[in-house]
Amino acid sequence: ESTGEISSVESRACNGPHKFEVVHVVDWPNPDDPYPSVNAQDEFLATECIPAFASYVGTEYQTSILEFQVYSPTAEGWSQGDHEFVCAVFDPSDNQLESSVRDSGI
């Protein structure tokens with residue numbers, strides 16, 4: 001699990017080699033909430049990322065060969081208005097994705 005801060009990412013076309021593929025981007029439902037605990041974030045993301053994964057990939061998360069990684073705002077970013085969570089899929093065998101996994105069923 002990576003806990004480093006990311007300030008920017010390089011966008012790549014999904015029809016070429018890439019490590020991660022964004023499947024869902026969602027804002028925390030109540031922007032006035034204080035920075036959520038890890039448990040609160042996990043519960044929120046389970047209701048957001050897992051269904052989005054299945055809808056995007058075309059198979060349930062539990063049966064897919066793919067995993068998902070979540071990018072969450074930092075506490076400092078949260079206080080500055082960043083409430084966006086990003087769910088991205090990747091191949092845990094450390095292979096690059098060679099084409100989009102949308103509707104792949106893998």
Side-chain angles (χ1 to χ4, degrees):
E1 178 178 308
S2 175
T3 58
E5 187 172 335
I6 298 172
S7 59
S8 66
V9 295
E10 180 182 341
S11 177
R12 293 189 176 182
C14 292
N15 60 354
H18 56 289
K19 179 73 178 166
F20 295 96
E21 189 166 332
V22 173
V23 298
H24 189 57
V25 177
V26 61
D27 284 325
W28 188 260
N30 186 354
D32 295 327
D33 284 351
Y35 188 68
S37 68
V38 171
N39 286 344
Q41 288 184 44
D42 287 348
E43 289 176 21
F44 172 67
L45 293 167
T47 64
E48 290 289 335
C49 292
I50 292 174
F53 180 104
S55 177
Y56 189 91
V57 176
T59 193
E60 295 297 319
Y61 169 69
Q62 294 83 350
T63 59
S64 176
I65 65 167
L66 302 172
E67 296 283 337
F68 71 84
Q69 172 77 36
V70 176
Y71 300 95
S72 305
T74 62
E76 181 182 354
W78 188 273
S79 68
Q80 296 172 0
D82 177 12
H83 300 156
E84 184 177 83
F85 293 80
V86 177
C87 310
V89 299
F90 68 99
D91 184 337
S93 64
D94 212 24
N95 293 326
Q96 286 212 1
L97 302 170
E98 296 299 325
S99 62
S100 177
V101 296
R102 182 186 293 269
D103 299 323
S104 66
I106 59 171

*With sequence neighbours excluded, residues passing side-chain contact (heavy atoms from CB on, under 4.5 Å) with Pro73*: Trp78, Asp82, Phe85

*asked:* Run the side-chain hydrogen bond (donor to acceptor under 3.5 Å, both in side chains) test against Asn30 and tell me which residues pass, sequence neighbours left out.
replied: Asp33

*Exercise: identify the closest heavy-atom pair between Tyr56 and Arg102*: CE1-NH2, 3.2 Å

*asked:* Checking Ile65 now: which residues fulfil side-chain contact (heavy atoms from CB on, under 4.5 Å) with it, not counting sequence neighbours?
replied: Ile106

*List in chain and number order the residues that pass side-chain hydrogen bond (donor to acceptor under 3.5 Å, both in side chains) with Glu60, two or more places apart in sequence or in another chain; answer none if no residue qualifies.*
none

*Apply side-chain hydrogen bond (donor to acceptor under 3.5 Å, both in side chains) to Ser93 and list each qualifying residue two or more places apart in sequence or on a separate chain.*
Asp91, Asn95

Could you give the side-chain donor-acceptor pairs of residues 45-52 under 3.5 Å, partners two or more places apart or in another chain?
| from | atom 1 | to | atom 2 | distance (Å) |
| --- | --- | --- | --- | --- |
| Thr47 | OG1 | Phe44 | O | 2.7 |
| Glu48 | OE1 | His24 | NE2 | 2.7 |

_So which atom in Glu21 and which in Ser99 form the shortest heavy-atom distance, rounded to 0.1 Å?_
OE1-O, 4.0 Å

_Just to verify, what does Thr59 make a side-chain hydrogen bond (donor to acceptor under 3.5 Å, both in side chains) with, not counting sequence neighbours?_
Thr63

_The criterion is ring pair (Phe, Tyr, Trp, His ring centres under 6.0 Å); which residues satisfy it with Phe68, sequence neighbours excluded?_
Tyr61

_Run the side-chain contact (heavy atoms from CB on, under 4.5 Å) test on Glu76 and Tyr35 for me, step by step, so that the C-alpha distance in whole Å, both residues' side-chain angles and the decisive distance to 0.1 Å come before the verdict._
CA-CA 9 Å; Glu76 181 182 354; Tyr35 188 68; over 6 Å; no

*Check Glu67 against Phe53 and note the closest heavy-atom contact, atom names and distance.*
O-CE1, 4.1 Å

*Determine the minimum heavy-atom distance between Gln69 and Phe20, stating which atoms define it.*
CB-CE2, 3.9 Å

*Who passes side-chain contact (heavy atoms from CB on, under 4.5 Å) against Asp27, sequence neighbours left out?*
Glu84

